[in-house]
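Working notes, structure below.
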Protein chains: 2
Amino acid sequence: MVLKEFLNQIIAGDCREVLSELPAKSADLIVTSPPYGSRRKNSYGGIHPDHYVEWFLPISLELKRVLKDTGSFILNIKENVEKGERHTYVIELVLQMRMQGWLWTEDYVWHKKNCYPGKWPNRFRDAWEHCFHFTKQHQFAMYQDAVRVPMGDWKEKRLRRLSETDMRRDNSRAQSGFGKRIANWVGREFAYPTNVLHLATECSNRGHSAAFPLELPTWFIQLLTKPGDVVFDPFIGSGTTAIAAAKLHRHFVGIEIDAMFVKLAKERLRAEEAGKSIPLILPEYANE
Amino acid sequence: MVLKEFLNQIIAGDCREVLSELPAKSADLIVTSPPYGSRRKNSYGGIHPDHYVEWFLPISLELKRVLKDTGSFILNIKENVEKGERHTYVIELVLQMRMQGWLWTEDYVWHKKNCYPGKWPNRFRDAWEHCFHFTKQHQFAMYQDAVRVPMGDWKEKRLRRLSETDMRRDNSRAQSGFGKRIANWVGREFAYPTNVLHLATECSNRGHSAAFPLELPTWFIQLLTKPGDVVFDPFIGSGTTAIAAAKLHRHFVGIEIDAMFVKLAKERLRAEEAGKSIPLILPEYANE
DNA sequence: GTTCCGCATGAATCGATAG
DNA sequence: ACTATCGATTCATGCGGAA
């Protein structure tokens with residue numbers, strides 16, 4: 001049970017087994033997007049919504065063991081529709097996780113700016129998902145200054161956002177003190193964000209699909225860890241969480257059951273190390 | 001039990017008593033923002049979060065009786081923080097209302113663009129609330145065309161020339177075919193919205209505070225009723241729902257326990273009738 | 001080096017049809 | 001009656017090649 005040998009690895013396997021090998025209280029942050037309740041086959045064989053809670057509870061218990069006492073667990077999930085209704089497995093899971101001892105600290109909303117198209121007689125397109133924030137204690141690590149955003153009126157914010165991106169291209173290697181550097185450039189006031197994140201999904205990546213965009217784990221990693229900390233993702237898929245952690249100089253441990261995704265995640269990480277040129281894009285906050 | 005005598009009235013009283021006097025299956029839409037679980041005194045004496053569900057369930061049962069079979073119930077609510085955690089009374093209420101026979105059709109998110117200021121060590125400002133959509137049947141009245149919004153400007157370029165891929169997608173039975181029915185798209189100016197509403201709170205109302213902005217009931221009234229229909233609000237407060245209904249030529253029935261609010265709501269309605277000049281503002285959808 | 005523009009694709013859901 | 005499959009419907013975004 002030595003953490004070191006797992007660090008910065010994508011581990012192939014069922015997280016229910018792999019997690020038990022990881023030492024207790026070793027993660028500063030767990031951020032993940034497990035397979036949603038669905039009848040369709042997916043990497044875990046398709047978990048029926050009616051059995052989702054009983055499937056997930058042993059995993060969340062292991063996650064609680066593996067998390068540091070001051071750490072955080074971010075669970076990205078969404079209740080899907082079954083027979084015309086939103087299924088209740090998500091809210092039932094929240095209640096059960098509290099019975100396990102988790103604290104339900106917050107429910108961040110990810111507003112998906114480019115949600116899936118479609119039209120139905122009784123509902124509109126689904127444009128949001130939960131990012132539940134669970135902790136083990138009331139006191140936990142949080143670095144709010146790392147995710148501050150420029151404030152100001154609508155027009156000026158647009159211009160500022162452009163210059164921000166340019167600046168970031170130049171400085172993408174040096175990570176610390178992000179906000180301060182922007183402050184030097186822009187010389188404006190900063191505001192703390194809210195619990196609503198406005199992010200587009202990444203849909204035009206040929207060959208792979210990510211459950212969430214890079215900006216999502218990036219934001220929570222910046223908010224809830226410091227450089228050198230350890231970030232876990234037990235359902236890492238194409239490796240997005242690992243890439244976000246690596247870019248921000250955090251360690252990661254990723255687990256993935258699907259061999260194809262393991263291969264893909266490793267490839268993406270290698271490309272990331274080689275290229276290094278892709279600018280890190282922070283989420284935008286619509287203050288308008 | 002004649003509906004007519006209640007129409008377009010603000011009725012002073014406890015909704016638990018007044019509702020029982022209203023005839024069954026008389027409302028096309030119920031839209032309301034009940035007092036949230038809180039220890040602070042408010043119009044219903046301050047409902048402790050731990051007792052919220054048992055307090056609300058008799059009311060939701062009456063609402064179910066009073067609603068038409070094809071009607072909708074929009075419940076604007078938010079779990080507040082108790083001892084550092086989001087309280088579970090809201091999700092417990094959803095589960096219990098389903099036990100009463102309500103269908104949990106959707107959970108719209110109201111993104112509060114200008115949310116309440118403040119700073120805390122372990123959370124950010126709360127910028128969203130639930131608007132739960134409950135129905136009695138899978139088939140219910142919905143007028144989606146009434147709330148369409150202008151499309152993003154991407155459309156101009158996209159549809160200028162029909163790409164070869166659109167055709168291919170059409171022929172090859174791709175999983176989701178944008179290329180289908182291209183004729184439907186030519187010249188289309190409006191898109192259907194999503195389940196995320198971007199509305200500012202009303203903050204500068206002299207002397208009173210509204211639970212939600214006029215645009216919120218306006219949007220749901222347009223979506224879920226037609227002119228001449230009947231809209232209920234059992235916790236009408238300063239009368240926002242009534243004003244929205246009146247502007248849209250729907251009938252309303254409002255109930256309010258606090259005499260001061262009853263007076264205020266009636267005043268606002270009178271001013272509305274006299275002035276008539278205030279333009280109706282539709283919600284904006286952030287297309288950026 | 002910009003800006004413009006074509007283009008693939010995505011945690012979807014409903015209703016009808018088939019087993 | 002109950003489940004599995006399939007076709008129909010619909011936007012917005014970032015990438016990459018062209019101007």
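Throughout, protein chains are lettered first and strands after them, A, B, ... in sequence-line order, and every chain is numbered starting at 1.
If you measure from atom CD of E129(A) to atom P of dA12(C), you get 9 Å, rounded to the nearest angstrom. As a whole-Å value, the separation of E79(A) CD from dT13(C) P is 10 Å. E106(B) has its CD atom 14 Å from the C1' atom of dC14(C), to the nearest Å. The NE2-C1' distance, from H48(A) to dC2(D), rounds to 11 Å in whole Å. When the P atom of dA8(C) is taken as reference, atom CD of E202(A) falls 19 Å away, rounded to whole Å. One interatomic measurement links the two molecules: CG of N195(B) to P of dA12(D), which rounds to 14 Å at whole-angstrom precision. Whole-Å rounding puts the R123(A) CZ to dA8(D) P distance at 22 Å.
If you check dT13(D), dT13(C), dA12(D) against the side chain of M151(B), the one that comes closest is dA12(D). With dC11(D), dC14(C), dT13(D) as the candidates, the nucleotide lying closest to the side chain of K113(A) is dT13(D). Across dA12(C), dA12(D), dG14(D), the shortest atom-to-atom separation from the side chain of R125(A) is found for dA12(D). In this structure, the nucleotide among dA12(D), dG10(C), dA12(C) sitting nearest to the side chain of P117(A) is dG10(C). You'll find that the side chain of N114(A) is closest to dT13(D), out of dG15(C), dT13(C), dT13(D). The side chain of N80(A) lies closest to dT13(C), out of dG10(C), dT13(D), dT13(C).
Taking the six-membered ring for Trp and thresholds of 30 and 60 degrees, F56(A) and F73(A) have nearly parallel ring planes, at less than 30 degrees apart. Note on ring orientation: taking the six-membered ring where Trp is involved, the planes of Y44(A) and W55(A) are perpendicular (angle over 60°, cut-offs 30° and 60°).
For the pair K78(B) and W128(B), the cation sits on the ring face: its NZ or CZ lies under 6.0 Å from the ring centre, inside 45° of the axis.
Both P34(A) and E82(A) lie near DNA chain C, and the one whose nearest nucleotide falls closer to the 5' end is P34(A).
Between E79(A) and R86(A) there is no salt bridge, since none of the side-chain N atoms of the basic residue sits less than 4.0 Å from a carboxylate O of the acidic one.
Within 4.0 Å (heavy atoms only), S38(A) reaches no atom of the nucleic acid at all. Using a 4.0 Å heavy-atom distance criterion, Y192(B) is classed as a sugar-phosphate-only contact.
Put simply, CD1 on I74(A) and CG on L216(A) are 8.5 Å apart, with the number rounded to the nearest 0.5 Å.
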